[in-house]
Every structure is written in C-alpha cells, then in structure tokens.
Amino acid sequence: MMALVLVLDDERDACQLMARIISSFGHEVKAFTDSEEALKWVSRREPDLALLDVGLHGSYGIDVVDRFLRIRPRLKAILITGYPSMATVGEAPHSGTLDLLVKPVELDELEARVRLALELIK
C-alpha cells in the first residue's frame, strides 16, 4: 500500500534522510523542517501518517500532533526522539500517537514501525 507520509524534523539532514528512507519503502513523502509550514500543508492535503521529532525548534512535537489532529482527526503519528523521558513516553499515547521511536533509529525498525502503523490505519 502506497501512503502519503509527512516527515517533520527541524534538522534538515535528519529530515531529508528520513524522507529518502521512507520513500524507498514505496511511499510518497513530503518533508518539512518548519512546523507551521507542515500545518499549512496538512490543511490542504490528507497524509496517512506523520513522523515527527519531539524536540522541534520553537515547538514541541506532541503539541504539533495535537494541532495536526484538529485539522485531520484520523491522522496517525509516530514521534521520534533523541531524548526519551518518562514524560514523553507518558504523553505520546494521549496525543494520537501510534508509536515512539528513539534516535538513532535502525532502518529495519523504522520500516517495520511504518508498515505496522499503515496497517493499523487501513
């Protein structure tokens, strides 16, 4: 199943790498380094899945997921963090988030989690 996946990470290299990897799985990917640009795009398009960094410059990934969900209530998200904390782990399930990945993310793990998330969306 080809899906439309949004990637949001304020580190351009990480964002481009994630987009390249996910598109290699056969999905269409739109990548953003700015959460406001991503929100504008979500208001015009309906992605199947969003992968976003928890620690975004000037915003918090869980808050961005909440804003995405106000526009697209069916959107599912996978949060990615380099700094897992009990607070992040505790908040993630309440934000419409399907999963929480810890950086550095292994390629096999990313592919498996994206595939699982998309199967749950069907």
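Owing to the predicted nature of the structure, the values given are computational and were not obtained by experimental measurement.
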Solution key, residues 100-115 side-chain donor-acceptor pairs under 3.5 Å, sequence neighbours excluded:
{"unit_1": "K103", "atom_1": "NZ", "unit_2": "D9", "atom_2": "OD2", "d": "3.2"}
{"unit_1": "K103", "atom_1": "NZ", "unit_2": "D53", "atom_2": "OD2", "d": "3.4"}
{"unit_1": "E109", "atom_1": "OE2", "unit_2": "R113", "atom_2": "NH2", "d": "2.9"}
{"unit_1": "E111", "atom_1": "OE2", "unit_2": "R115", "atom_2": "NH2", "d": "3.2"}
{"unit_1": "R113", "atom_1": "NH1", "unit_2": "D99", "atom_2": "OD1", "d": "2.7"}
{"unit_1": "R113", "atom_1": "NH1", "unit_2": "D99", "atom_2": "OD2", "d": "3.0"}

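- Pairing each heavy atom of G55 with each of D10, the nearest pair is O-OD2, 3.6 Å.
- With values rounded to the nearest 0.5 angstrom, I80 atom CD1 is found 7.5 Å from I78 atom CD1.
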- Task: Given side-chain contact (heavy atoms from CB on, under 4.5 Å), test D13 with L17 step by step and report yes or no.
- Result: CA-CA 6 Å; D13 290 346; L17 177 62; over 6 Å; no
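- In this structure, CG in L8 is found 10.0 Å from CG in L51, a value given to the nearest 0.5 Å.
- Within the 4.5 Å cutoff, side-chain heavy atoms of L52 are placed close to those of L79.
- Under the 3.5 Å distance criterion, the side-chain polar atoms of H27 are left unmatched by any main-chain donor or acceptor of I22.
- Residues forming a side-chain contact (heavy atoms from CB on, under 4.5 Å) with L4 (at least two apart in sequence, or on another chain): E28, W41, R45, P47, D48.
- To the nearest 0.5 Å, the span separating OG on S23 from CE on M2 amounts to 10.0 Å.
- To the nearest 0.5 angstrom, Q16 atom CD is 12.0 Å from I21 atom CD1.
- Two residues are said to be in side-chain contact when any heavy atoms from C-beta on lie closer than 4.5 Å; L6 and V42 meet this criterion.
- Across all their heavy atoms, S43 and I71 have their closest contact at CA-CG2, 3.7 Å.
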Let me check something: any side-chain donor-acceptor pairs from residues 31-40 under 3.5 Å, sequence neighbours excluded? List them with distances.
{"unit_1": "D34", "atom_1": "OD2", "unit_2": "E36", "atom_2": "N", "d": "3.1"}
{"unit_1": "D34", "atom_1": "OD2", "unit_2": "E37", "atom_2": "N", "d": "2.8"}
{"unit_1": "S35", "atom_1": "OG", "unit_2": "S59", "atom_2": "OG", "d": "3.4"}
{"unit_1": "E36", "atom_1": "OE1", "unit_2": "R67", "atom_2": "NH2", "d": "3.3"}
{"unit_1": "E36", "atom_1": "OE2", "unit_2": "R67", "atom_2": "NH1", "d": "2.9"}
{"unit_1": "E36", "atom_1": "OE2", "unit_2": "R67", "atom_2": "NH2", "d": "3.4"}

